[in-house]
Novice: 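Handing you this structure, nothing more for now.
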Amino acid sequence: MSAGRTPLVVVGGGVAGLSVALAAAPRPVLLLARGADGEGSASALAQGGIAAAVGAGDTAAAHVRDTIVAGAGHNETFAVRYLATQAPRAIARLQALGLQFDHDGGRLRLGREGGHHADRIVHAGGDASGARLVAALAKAVRDAGHVEVRSGVAVDALLLRGSGVAGVRVRDGRGDAALVEAANVVLATGGIGGLFAASTNPAGATGSGLALGLAAGARGRDLEFMQFHPTALALDRANDAGPLPLVTEALRGAGARLLDGQGRPLMAGLHPLGDLAPRDLVARRVWQVLQQGDRVWLDATHLGDAWPTHFPTVHAACRAHGIDPAREPIPVTPAAHFHMGGLATDRDGRTGVHGLHAVGEVACNGVHGANRLASNSLLEGLVYGHRLGRRMATRSLPRASRGAHAWTSLGPAADGHARQRLRTLLWSALGPVRNGRDLRAARQHLHDDAAAYGWHGRLAMQLLDAALARGASLGAHYRSDASGS
Ligand SMILES: Cc1cc2nc3c(=O)[nH]c(=O)nc-3n(C[C@H](O)[C@H](O)[C@H](O)COP(=O)(O)OP(=O)(O)OC[C@H]3O[C@@H](n4cnc5c(N)ncnc54)[C@H](O)[C@@H]3O)c2cc1C
């Protein structure tokens, strides 16, 4: 097959990849993903919903303001404006696909989350929003004649020709490899939470697309900015990389209190909003207490019999682990949740490598700044995925550049033990509280045992380097050794 007539290759079956694939019609698209129908994606786990200024009196300008305040002013304003102004259209497109959002009477039910100054979060199926969204997009992709979906495969190398991309290498479940030629590749491979000991992300979210893009010569941006959710269920999972269940902030909104091991209120006197202080502040406080060897509990026993109906997902997760939250406090830990940084792109998802695009959590076009506003990331995948897909649909795809072929491959991964050590290392050095000494020590450790850590270690080094380079605290990046900390 000549590279000029190859399909658009999209890697990743979460909200971003599915959105690109749908919008690229009538271009032929080959969608490659590890799991079928969004399985294994962070998108399918999302609980909160999608932010959009669709309520009476709310405006895109207000959504922009809230996004930039959350991002500590580190955002690209033009990228934020586009996100906020396109949000209502993204919701309308989903409704046209048949996605039923939750309603009160005849109106969309709009929730509010931390950092938003208006009710602007739409949900589908309550806290099952991500699963419903992915199901609707995956069905639309299945029904679309222009998309071929190949699931059960992982991309582990990019074929480069001259200064551009010429294809990808896919491996199936048996380890057999095949080349897919493509002059245009979209990486929509999600985040990196799986590199941390405590994370809400799927185990497979270890940054393979980010690592591949960087290895191919694309530039990384804002790699140090990782958002930590303050309350995930603290499970003892020494050798299990699976996601920790989220213990939603809405519980604290409903009166739940964070307590230390002696039953003392954790946030008392630290912030006027107490338990509802900004996410990063609460995450740091919980982290510090845990680092001192204590435990942290979320006491929501006052909800009593209302638990199963008001918070069914958290209730089910607790019960699955032998905890009855109506009678006992829930053990909690902060957890790596969302990567603001990624492969640097423009608004059309272009990286600096000819023909190589990135969108969604793997990418960084500056929309989230130094900290993401809640419920803006599904929206990012929808809005920027759609934009990229439309660009691909309406423009003639550039042909692959000329020159010699060369493979950029991930190479060996860290094995199970090394990956567990890596998670522990990054959790302690690159977690909610960082300092230069620990960052340097972690870097040295990875350097000294580079062979054991493989490409995961190389990616981790780049994250550590970015955190070292930013000596001051900003947004979610907190340096305890910064002057004034
Ligand atoms: C528990 C949880 C709750 C959340 N709640 C919300 C919320 O309420 N609202 C909100 O806006 N955001 C929320 N987020 C964040 C949001 O879900 C993610 O940022 C967003 O879904 C990322 O979408 P994506 O398409 O970029 O990546 P993903 O949805 O993670 O999809 C990545 C895809 O790429 C595939 N993949 C990865 N590497 C490879 C490879 N090498 N080869 C082939 N395929 C590969 C994966 O299998 C997957 O299909 C939440 C996240 C979590 C973890």
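Just follow the structure's listing: the first ligand is 1, and inside any ligand the first atom is 1.
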Novice: Going by distance alone, is a donor N or O of one side chain under 3.5 Å from an acceptor N or O of the other, for R109 and H103?
Specialist: no

Novice: Should R142 and D37 count as an ion pair when the cut-off is N to O under 4.0 Å?
Specialist: yes

Novice: Residues around ligand 1, heavy atom under 4.0 Å from any ligand atom, sorted by chain and number. Can you pull those?
Specialist: V11, G12, G13, G14, V15, A16, A33, R34, S41, A42, S43, L45, A46, Q47, G48, G49, V153, A154, V155, A188, T189, G190, T200, N201, S208, L246, H337, F338, G360, E361, R372, S375, N376, S377, L378

Novice: Under 3.5 Å, is there a donor on one side chain and an acceptor on the other for Q227 and D280?
Specialist: no

Novice: Are the aromatic ring centres of F338 and F228 under 6.0 angstrom apart?
Specialist: no

Novice: Between D156 and R171, does any NZ, NE, NH1 or NH2 come within less than 4.0 Å of an OD or OE carboxylate oxygen?
Specialist: yes

Novice: Does the structure place the NZ or CZ of R347 under 6.0 Å from the centre of the six-membered ring of Y384, at an angle of no more than 45° from the ring's axis?
Specialist: no

